[in-house]
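When a ligand or atom number is given, it counts from 1 through the structure's own listing order. It should be emphasised that the depicted structure is a prediction, and the values quoted were computed from it without experimental measurement.
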Amino acid sequence: MKFLIEGRKPLKGEVAVAGSKNAALKIFPVALLTRKAIRVFNVPEIEDVFRAQEMLVALGHEVKKIKNRIFEIKFKKQKYFDLPVNLVNKFRASVMFVGPMLATCGQVRFSHPGGCVIGAGARPIDLFLDSFQKMGAKINISGNYYHLTAKKLKGANIFFSKISVTATESLMTTACFACGETILKNCAMEPEIVGLAQYLNSCGAKIKGAGTPTIKITGIKKLKGGEYKIIPDRIEAGTFAMLAAASNSGEVLIKNFNPAHLESLWALFDKIGVNYELDKSSVKISRSKKLVSCDATTHEYPGFATDLQSPYSVLMTQAYGSSLIHETIHDRRLLFTDILTQMGANIIMADPHRVVINGPTPLYGRQLVSPDLRAGVALIIAALIAFGKTTIDNIYQIERGYEKLDERLRALGADIKRIDN
Ligand code: UD1
């Protein structure tokens, strides 16, 4: 399937933010630890989440949709130790299943996780492996395959040499079932990590410090099941906010999220001159007089999210002046700006981590292929503000993270259709 977009339609109206992809993906593997029924609310119905659900089913468990966005997981006796390659290949967060399998089954076999190709080579998992080893796991690597074994995991003192969201979440989750105390240092502090810790604690875990650089986990023997409401997707909210700002064509209300999770974006909006108004759980973007360029550097939370860098780059093509975008988290994430250049943007790549965008420039519709999830959504924004028609192929990549995006954009007035290849 492809998206066919006719650009420059005025956008106005309301859009509700879905549950967070990056939170949802970490909740499903927890079922391996709780071994009890879990009911999850506000689940985004997106491809990566479907893959996480399929993973549980492939491991022998039951996942049932109760109604829209509500799913129930029923734990059955754990049958397999292998994470299916066809699923592991599809999303990076599949690595979240490794720790719980190791902690409860004593072993796990898996291939190198897939996902967006935005890091050096395959995105590394060394932080996970080093940490599991510190907790007593034996690791056998053969080609692209890993076999981890551990009779019993023991608590450990782990300093992450790099700040990693998923490594923090994975070790925090796994350590719940290790013997004794685990201290994780130099942790990521994303709101999704806090949500995961709150959920695990509500199931009986003993986790302290989530949302700070040091997390302490005291091992326990059992977790009970429970209910969890996924927090709203701050990245989706920020993406819609930048679409509204870049289109600059009408009033757009983005609702059902927590604006406190996007402070770094509002700080940039203040400098750029975006006309926005925050409320408790929404932001209203109105037409701005003039957008001016502003440099941005991606950073771990609460800094400016790397996942918002691509929509921000599109926004900067519409602002007056030069902006330096510095991508510090993922090595290949700026390569997509080459596609914006093909659409008419004036972008100079200084090195793989830095581009200079000179604006404003009109953009023109082209035939495009989505390289990955966040670059894909940025191309949709570019197409929506471009003159003429754009087609975007490989939309699976976009639908990994955004639920019914075409429908929701049409409700705002966009001309976007789904067509066969
Ligand atoms: C998560 C998010 C992703 C976001 C990223 C950074 C999920 C499912 N995905 O990805 O949307 O872009 O955080 O905010 O939550 N690294 C290593 N070794 C490792 C692990 C990571 O070197 O073992 C490096 C990565 O290559 C990258 C950096 O650490 O340069 C941060 O990556 P990380 O925070 O782990 O990203 P993810 O958790 O995969």
Pick, from [options], the option with the minimum heavy-atom distance to [atom].
atom                    : options                        : answer
atom 15 (O) of ligand 1 : Lys26, Gln309, Glu192          : Lys26
atom 29 (O) of ligand 1 : Lys162, His299, Lys21, Arg374  : Lys162
atom 34 (O) of ligand 1 : Leu308, Asp331, Leu129, Val165 : Val165

Check your understanding: Taking only residues two or more places apart in sequence or in another chain, which ones pass salt bridge (charged side-chain N to carboxylate O under 4.0 Å, His left out) with Lys74?
Key ->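 Counting only residues at least two positions away or on another chain, Lys74 forms a salt bridge (charged side-chain N to carboxylate O under 4.0 Å, His left out) with Glu72.
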Point to revise | For Lys208, all residues meeting salt bridge (charged side-chain N to carboxylate O under 4.0 Å, His left out), sequence neighbours excluded | key: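 Lys208 satisfies salt bridge (charged side-chain N to carboxylate O under 4.0 Å, His left out) with no other residue.
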Cationic N near anionic O, under 4.0 Å, [X] to [Y]:
X      : Y      : answer
Arg418 : Glu399 : yes
Glu192 : Arg234 : yes
Lys26  : Glu169 : yes

Look at atom [atom1] of [X] and say whether more than 12 heavy atoms of other residues, nucleotides or ligands are closer to it than 6.0 Å.
X      : atom1 : value
Glu62  : CD    : yes
Phe41  : CZ    : yes
Tyr396 : OH    : yes

Which of the ligand 1 atoms, numbered from 1, are nearer than 4.0 Å to a heavy atom of [X]:
X      : result
Ile329 : 27 (C), 30 (O), 31 (C)
Arg333 : 12 (O)
Ile125 : 23 (O)
Thr306 : 6 (C), 12 (O), 14 (O)
Leu127 : 18 (N), 19 (C), 20 (C), 23 (O)

Check your understanding: Which is it for Glu300 and ligand 1 at heavy atoms under 4.0 Å: side chain, backbone, both or neither?
Key ->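 Neither part.
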Exercise for review: Select one of side chain, backbone, both or neither to describe which atoms of Thr166 lie under 4.0 Å from any atom of ligand 1, heavy atoms only.
Suggested key: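 Both parts.
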Exercise for review: May I ask whether Thr168 has any heavy atom positioned less than 4.0 angstrom from an atom of ligand 1?
Suggested key: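 Contact absent.
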**Study point:** Contact check: Asp126 vs ligand 1, nitrogen or oxygen atoms, below 3.5 angstrom
**Key:**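 Yes, at least one N or O pair falls under 3.5 Å.
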